[in-house]
Amino acid sequence: MSSTGKPGEDREAGGTARGRAPYPPGRHIGALLERLARGVAITGGVLLVGVVLMTVTSVLGRYLFNAPIPGDYELTELACGIAVFAFFPYCHARSGNIVVEFFTGRLPPRHKTALGTLHSIAFTLVASLITWRLFVGGVHKLEDGETTLFLGIPIHWAYFSALLGAGLLTAICVLVVYRHVRALKR
């Protein structure tokens with residue numbers, strides 16, 4: 001037996017000394033999805049920092065040397081669209097969406113949980129619709145061979161890159177619904 005974690009906790013092959021799994025069912029998947037969402041959000045942030053640096057370089061090049069970065073607005077447009085979808089999953093996983101509790105602020109906790117469950121179900125449906133439409137749009141752009149005007153970047157790359165974030169958002173939404181339903185059962 002090896003001892004890891006807090007003193008007195010013996011763990012062996014993923015279980016505890018009493019034989020229980022370290023996570024309740026579904027929690028391990030939830031932790032994995034949240035770590036993935038965090039990584040995707042960080043990647044989106046790095047992408048936006050790159051866009052900012054490119055824009056500064058292009059503006060300075062335009063004014064100082066009359067040589068802007070060609071197609072900088074095309075790159076900005078594509079990167080910002082991808083970054084937005086990179087941030088959605090982490091925001092939802094961390095309950096970072098804006099909630100206005102003007103009418104529901106004084107409801108009992110159980111009623112708030114029920115409303116949260118309905119909201120999460122609706123949001124899951126919307127996220128699923130967005131994911132599906134991004135996939136369909138990406139396939140159409142791939143088949144059409146559409147590219148950006150100046151740089152000739154295939155548009156479907158942006159669709160499929162954003163699709164990764166939208167798909168992860170849908171998975172996070174399902175996880176949040178699962179958590180709400182479990183909270184209602186208590």
[Y] and [X], any side-chain heavy atoms less than 4.5 Å apart:
{"X": "Glu143", "Y": "Val139", "value": "yes"}
{"X": "Phe135", "Y": "Phe160", "value": "yes"}
{"X": "Leu175", "Y": "Ile29", "value": "no"}

task = Identify the heavy atoms of Ile172 and Ala37 that sit nearest to each other, and give their distance.
result =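 Minimum heavy-atom contact is CD1-CB, 4.3 Å.
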Nearest-0.5 Å distance that lies between atom [atom1] in [X] and atom [atom2] in [Y]:
{"X": "Thr117", "Y": "Arg179", "atom1": "OG1", "atom2": "CZ", "value": "13.0 Å"}
{"X": "Leu75", "Y": "Thr148", "atom1": "CG", "atom2": "OG1", "value": "7.5 Å"}
{"X": "Arg110", "Y": "Leu115", "atom1": "CZ", "atom2": "CG", "value": "12.0 Å"}
{"X": "Leu163", "Y": "Leu134", "atom1": "CG", "atom2": "CG", "value": "6.0 Å"}

message = Check for me, please, whether Phe150 and Ile153 land in the same ILVMFWY cluster - side-chain distances under 4.5 Å, paths through other members count.
response =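 Shared cluster, no.
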List the atom pairs, donor and acceptor, that lie under 3.5 Å between side-chain atoms in residues 40-68 and the rest of the protein, sequence neighbours left out.
from  : atom 1 : to    : atom 2 : distance (Å)
Thr43 : OG1    : Gly39 : O      : 2.9
Thr55 : OG1    : Val51 : O      : 2.8
Thr57 : OG1    : Leu53 : O      : 2.8
Ser58 : OG     : Ile69 : N      : 3.2
Ser58 : OG     : Asp72 : OD2    : 2.5

Anything under 3.5 Å between a donor and an acceptor, one on a side chain of residues 85-106, the other on a protein residue two or more places apart or in another chain? List them.
from  : atom 1 : to    : atom 2 : distance (Å)
His92 : ND1    : Asn97 : ND2    : 2.9

I'd like a table of donor-acceptor pairs (distance under 3.5 Å, sequence neighbours excluded) in which one partner is a side-chain atom from residues 119-131, with atom names and distances.
from   : atom 1 : to     : atom 2 : distance (Å)
Ser120 : OG     : Gly116 : O      : 2.9
Ser120 : OG     : His180 : NE2    : 3.4
Thr124 : OG1    : Ser120 : O      : 2.7
Thr124 : OG1    : Cys173 : O      : 3.4
Ser128 : OG     : Thr124 : O      : 2.8
Thr131 : OG1    : Ala127 : O      : 2.8
Thr131 : OG1    : Ala166 : O      : 3.0
Thr131 : OG1    : Thr170 : OG1    : 2.9

